Protein chains: 2
Amino acid sequence: MNLKEFAGILGLSPTTVSRALGGYPEVSEETRRKVTEAAISHGYRPNRRAASLATGRAMAIGHVIPTTLNHEMVNPVFADFVAGAGEIYSRQNYDLILSVVADGDEARAYRGLAQAGNVDGLIVHGPRSDDRRFDILRDIGLPYVVHGRLPGHQTGYSFVDIDNLRAFRKATDLLLDLGHRRIALLNGHLMMDFARRRRDGFASAMAGRGIPVDPALLFFGEMSEANGHRAARDMLTLREPPTAFLVSSLIMAIGVRRAIHEAGLRMGADVSVVTHDDVLGYLGNGEDRPIFTATRSSVRAAGRRCAEILLARIAQPGLAPAQEIWECDLVQGASTGPAPDNRGPSP
Amino acid sequence: MNLKEFAGILGLSPTTVSRALGGYPEVSEETRRKVTEAAISHGYRPNRRAASLATGRAMAIGHVIPTTLNHEMVNPVFADFVAGAGEIYSRQNYDLILSVVADGDEARAYRGLAQAGNVDGLIVHGPRSDDRRFDILRDIGLPYVVHGRLPGHQTGYSFVDIDNLRAFRKATDLLLDLGHRRIALLNGHLMMDFARRRRDGFASAMAGRGIPVDPALLFFGEMSEANGHRAARDMLTLREPPTAFLVSSLIMAIGVRRAIHEAGLRMGADVSVVTHDDVLGYLGNGEDRPIFTATRSSVRAAGRRCAEILLARIAQPGLAPAQEIWECDLVQGASTGPAPDNRGPSP
DNA sequence: TTGACTTGTCAAAGCGGTTTGGATGCGACC
DNA sequence: GGTCGCATCCAAACCGCTTTGACAAGTCAA
């Protein structure tokens, strides 16, 4: 069923029907009512492609999400982020086009989507420390919003990020205040911008108390359950094991908890854990009382906000870039407690 | 840059350029080479919308994924499934259009995508026991592939499913063979088709040994960590607690494990756990030795396969429906062991 | 009655491709 | 030399919508 046929059934011209459905004022309310009713009963809906072609607006947003180099992992935060963004898009009748590409191939995907004219804007995921995407995005010329920040570029683009540095400094301070001195950091790949900022937050808190960071207590890599487990297990067998872990994702923290239990230790008593919590739906951090003490910020809310900003910028291209840095909540859970008495090797 | 301009630069007609890029034989190899090279250097790519309009093929597949009723959860298996499907689409130059809708609103979303002509096919997620989607999909008339099965309809559509019934029967038998008699089932909502089949597999194995199913040892609901924890915790405080848990998702099993530890029990010794494992990237089930004994099938592979089937059916509409039921692996992990001696209330 | 102004509707020109049905040029064959 | 076949290339007609500019009918003031 196309516009011409549908207009024919109604005894109106395509122009009038299009205007009626588009909400333009040049058509009487009476006619509009008849048209909209008929559209529903006949199941007529304007062809998206044709409408896009005519208006020049694709009515779609591109999300390019990277898998890891081995192609095997998709960060679970994407599901929640995309769900949040999708809520906003559907409200404004935008489509969401998802490209899953190998890590590092995002730029090519952006170009493809843009040159083929099938998106009006882009969401940029997972900015990295050496990211070259900024230049590419600029010469693509499409509006975009970054989830996180493109390092080395302060201005000229929109982003929504959490204050990773501050969150991890506060988390570290919390552990230091509890008397912990040997604190391990289990973090994402250092090439990821967020991981670098978290590392810096951790390091600055440690430096603030004059405590050196032991490289043996640092892990950077995929934030999987398995990696959390392995790193924690190995560190716990060190001659001077950590008394606390600062972890970058709840999934990884679950691996840490497993390692702690396997070592016959009690989380929150013998060993403390603080983690970052993205508030993923299926992976809640306990119910009334949080399991893990955590820095917390909803990635789904971030998805919603990124989408809102992007759509606003598409509607009003002159808008100044929106840059939001969200504070994380620091929630007390059952995974932290005072450092056990330090009976380590005396000086 | 549009076709006419680009052809102008090359001193060729739009027709020839289109044919050269489209791989048609009516153009000399020499010309084709020049055109493809120029396309890359000038960054020309045919407008997706215009091409779709002209060919009548949208070159896109729609995935409609439901959130839970409270809008707060997105099943993490979607991320892996979609990533698998996305691999196949990008290889064949298809786009993936994602709609996130409230649970139960999928049919409306299918209609919308189809009537607006912006997809050539649909992937149907999460079929439910009372599912009305079959009829709707039929009168939409677009090719589709179901991940799972539409209950009550044996034929006439394509699907990829795992043998849920058999997997859970085997898992139950394994526990029964270890001497367990009080086995709890922690499952998804019974309205989900897969949950019903798993329940049936469990029930048939129990019935096979003449062991009654205790309703107090059944949980059906969202398969979240929190629910797994709560259900297991409550059951473990019963006068006759279960000695084994059969669980429908790894995330839920993690909650069960937490409850077991909190009760001061050892998983694999005091209490056994068997779970289903979708092999999600970030949530591996241990490394060399699986943590959980599990029925296992990769949801990412299922995504790939569904996409392949769908694209094949789009290319050759006459094809008979493909119906695949995959066997799950049953892997031995550290979470199962012989039932502890039954010193319960003597007769 | 006439002209200006609304109001509601329409015909037709795009949007940027693909594809049909030629047109052109050139060598080969009879 | 005329005709045919083949290899290349092109003009123009779509695809289904939006939107510009025009038009008929009705309203109102002069």
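Labels below follow one simple rule: chain letters A, B, ... track the order of the sequence lines, proteins then strands, and each chain is numbered from 1. Values in this document were obtained by computation on a predicted structure and should not be read as measured data.
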> What residues form a ring pair (Phe, Tyr, Trp, His ring centres under 6.0 Å) with B:Phe78, not counting sequence neighbours?
Replying inline: B:His125
>> Base, sugar-phosphate or nothing for A:Ser52? Non-hydrogen atoms, less than 4.0 Å.
In response: nothing
>> Working note: A:Glu37 + A:Arg33, criterion salt bridge (Lys or Arg N to Asp or Glu O under 4.0 Å); need CA distance, chi angles, decisive distance, verdict.
In response: CA-CA 6 Å; A:Glu37 276 171 14; A:Arg33 192 185 51 71; 3.2 Å; yes
>> Any side-chain N or O of A:Asn2 below 4.0 angstrom from OP1/OP2 of D:dG16?
In response: yes
> If you look only at pairs with a residue in residues 88-100 of chain A, which of them pass as a salt bridge (charged side-chain N to carboxylate O under 4.0 Å, His left out), with sequence neighbours excluded?
Replying inline: A:Arg48-A:Asp95, A:Glu87-A:Arg91
Review item, nucleotides 18-20 of chain D N/O atoms under 3.5 Å of protein N/O:
unit_1	atom_1	unit_2	atom_2	d
D:dT18	OP2	A:Ser18	OG	2.5
D:dT19	OP2	A:Tyr24	OH	2.7
D:dT19	O4	A:Thr15	OG1	3.2

> For residues A:Thr15 and A:Ser18, is any side-chain donor paired with an opposing acceptor at under 3.5 Å?
Replying inline: no
> Checking A:Arg57 side chain against A:Ser52 main chain: does a donor-acceptor pair fall under 3.5 Å?
Replying inline: no
> Base, backbone or nothing for each nucleotide of nucleotides 23-28 of chain C, written B, S, -, heavy atoms under 4.0 angstrom, 5' to 3'?
Replying inline: ------
>> For the helix from C:dT1-D:dA30 to C:dC30-D:dG1, what angle separates the axis at the start from the axis at the finish, each from five pairs, in steps of 10°?
In response: 70°
> To the nearest Å, how far apart are B:Glu29 CD and D:dT8 C1'?
Replying inline: 13 Å
>> For B:Phe134 and B:Tyr157, take the angle between the two ring planes, folded into 0 to 90°, and tell me which bin it lands in: parallel under 30, tilted 30 to 60, perpendicular over 60.
In response: perpendicular
>> Measure CZ/A:Arg32 against P/C:dT7 and give the value in whole Å, please.
In response: 14 Å
>> Please list all pairs meeting salt bridge (charged side-chain N to carboxylate O under 4.0 Å, His left out) that have one or both residues in residues 9-26 of chain A, counting only residues at least two apart or in different chains.
In response: A:Arg19-A:Glu26
